[in-house]
Amino acid sequence: MERLLEVNDLQVSFQVRDGEVQAVRDVSFHVKKGEAVGIVGESGCGKSVTAQSIMKLIPSPPAVFKGGEILFNGQNLLRYSEKEMQKVRGKEIGMIFQDPMTSLNPTLTIGKQITESLIKHQGMSQKEADLRAIEMLKLVGIPNPDKRLGQYPHEFSGGMRQRAMIAIALACNPSLLIADEPTTALDVTIQAQILRLMKDLQQTLDTSIIMITHDLGVVAELCDRVVVMYAGKVVEEGTIEEIFTRPKHPYTRGLLRSVPRLDQPKDEDLIPIFGTPPDLIKPPVGCAFADRCPEAMKVCKAIDPTFYETSDTQKARCWLLDPMAQEVKSS
Ligand code: SF4
Ligand code: MG
């Protein structure tokens, strides 16, 4: 499968009063055509900043792109001007957010919000755009779409707003959809419906998806591969099967133990990961997870581990995977 998106060594910092927060530290991953990739981690791990960097939605300053590249169809988006990015946003990459109320325009009807980009990006007439909007609302399961077209966001329920936002994001048939915690604010039943909808759409429209979430359950529902982030870095990457059945990084194992999962017996105890992530103004020299890691060794605090590949598709950044680890452990 061809690579649609390739993020290489991305570094993003934020200037704050006390210094520079190194929010994204050398992040690399890729998304193939038609693939759904989950980016998981606790809040503040850099997953949203990574997603927003792809769309260039973070104002710079305060954000500073310190290095790396974001290749979309082989073109480095970091070199694009705002004008060029406007053509990419919506048309080639769509985005949906946790809270539709903050990203939908409250003063425009839902219909207008879908047709606007169709007229602007696809050169459709108002009539053609209206027909396409009705088709999109139908596709995302909104009943009576022709009536709904003239309604405002506040006239929609939370679940319906999220569907409407997906319709807007997919109207121009983008090749990549970035979803940042799209179901977090919804109740469990609606959440499951939205995820099923996204999965169906991904298969029908062959859209690639990046799903940003703290919830491994969401990833299991939708994704083919998972990228685990901690303290601004990717710490593990693998297929769904590898991450859920053979996680290699202690942080991934911790995440799996700390969230309820559908495939787990109900009485299995959930164990939270104790402690908090490090301050990214002064990131630790060694492994950033060392203070919280039940398996930490001496070497961990001194030197940051590199990636160890454990299969063609899985790799993790942890000293435990070093063949010398046992020796180091006892030294
Ligand atoms: Fe734990 Fe050390 Fe591995 Fe970091 S490198 S996750 S501290 S064992
Ligand atoms: Mg976030």
Side-chain angles (χ1 to χ4, degrees), residues 7 9-13 21-29 37-50 68 212-217 219-220 223 225-259 261 264 268-331:
V7 174
D9 306 315
L10 183 68
Q11 296 174 38
V12 187
S13 290
V21 181
Q22 298 174 35
V24 173
R25 307 190 291 150
D26 283 315
V27 163
S28 300
F29 68 95
V37 175
I39 303 184
V40 289
E42 292 162 296
S43 72
C45 70
K47 56 191 194 302
S48 292
V49 177
T50 302
I212 313 279
T213 179
H214 65 278
D215 186 343
L216 278 165
V219 162
C223 300
R225 277 191 307 119
V226 192
V227 172
V228 182
M229 283 186 71
Y230 185 77
K233 289 193 174 188
V234 174
V235 292
E236 180 158 10
E237 190 187 306
T239 63
I240 281 288
E241 209 245 327
E242 286 168 332
I243 295 294
F244 280 82
T245 61
R246 299 182 293 283
K248 300 292 183 199
H249 197 284
Y251 178 63
T252 312
R253 290 199 277 268
L255 275 183
L256 286 164
R257 281 192 298 261
S258 67
V259 293
R261 276 162 49 201
Q264 242 172 8
E268 200 155 302
D269 284 340
L270 298 176
I271 309 163
I273 306 173
F274 293 106
T276 47
D279 179 2
L280 291 181
I281 293 182
K282 276 198 203 88
V285 210
C287 170
F289 191 54
D291 281 342
R292 305 171 77 186
C293 181
E295 293 163 83
M297 304 168 285
K298 225 178 187 174
V299 63
C300 303
K301 288 206 174 188
I303 310 167
D304 197 14
T306 52
F307 275 113
Y308 292 88
E309 286 182 12
T310 56
S311 80
D312 285 348
T313 42
Q314 187 177 20
K315 60 180 182 176
R317 222 184 243 280
C318 175
W319 282 119
L320 291 172
L321 300 168
D322 191 292
M324 302 281 282
Q326 291 310 317
E327 252 171 73
V328 177
K329 208 173 187 171
S330 51
S331 70

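All figures in this text were calculated on a predicted structure; none of them were measured in a lab. Just so you know, ligand 1 is whichever comes first in the structure, and atom 1 is the first atom listed for that ligand.
In this structure, atom 1 (Fe) of ligand 1 lies nearest to the protein heavy atom Cys293 SG, 2.3 Å. The protein heavy-atom contact nearest to atom 6 (S) of ligand 1 is His249 CE1, 3.5 Å. For atom 2 (Fe) of ligand 1, the closest non-hydrogen atom on the protein side is Cys300 SG, 2.2 Å. Ranking protein heavy atoms by distance to atom 5 (S) of ligand 1, first place goes to Trp319 N, 3.3 Å. Nearest non-hydrogen protein atom to atom 3 (Fe) of ligand 1 is Cys318 SG, 2.3 Å.
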Discussion item. Please determine whether side chain to side chain contact (heavy atoms under 4.5 Å, CB included) holds for the pair Tyr251 and Glu42, giving the CA-CA distance in whole Å, both sets of side-chain angles, and the decisive distance to 0.1 Å.
Written reply: CA-CA 10 Å; Tyr251 178 63; Glu42 292 162 296; 3.0 Å; yes

Discussion item. Applying side chain to side chain contact (heavy atoms under 4.5 Å, CB included) to Leu320 and Met297, what does each step give before you reach the verdict?
Written reply: CA-CA 9 Å; Leu320 291 172; Met297 304 168 285; 4.0 Å; yes

Worksheet entry | Intermediate values then yes/no, side chain to side chain contact (heavy atoms under 4.5 Å, CB included), Met324 and Val299 | CA-CA 11 Å; Met324 302 281 282; Val299 63; over 6 Å; no

Item to complete: Go through the steps for Phe29 and Met229 under the test side chain to side chain contact (heavy atoms under 4.5 Å, CB included), then give the verdict.
Response: CA-CA 11 Å; Phe29 68 95; Met229 283 186 71; over 6 Å; no

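Numbered from 1 in the order shown, with element, the atoms of ligand 1 that lie under 4.0 Å from a heavy atom of Pro250 read 1 (Fe), 6 (S). Ligand-side atoms of ligand 1 in range of Ala296: 7 (S), range being under 4.0 angstrom from any heavy atom. Atoms of ligand 1 lying under 4.0 Å from at least one heavy atom of Ala290, given by number and element, are 7 (S). Here is the list of ligand 1 atoms found below 4.0 Å of a heavy atom in Pro305: 5 (S).
Here the side chains of Lys301 and Asp291 are in contact, with some heavy-atom distance below 4.5 Å.
For the side-chain contact (heavy atoms from CB on, under 4.5 Å) criterion with Val226, the lone passing option out of Thr252, Thr239, Ile240 is Ile240. Shown are Glu237, Glu241, Glu236; of these, the salt bridge (charged side-chain N to carboxylate O under 4.0 Å, His left out) with Arg225 is made only by Glu237.
Because the distance cut-off is set at 2.8 Å, Cys287 qualifies as a neighbour of atom 4 (Fe) of ligand 1 through one of its N, O or S atoms.
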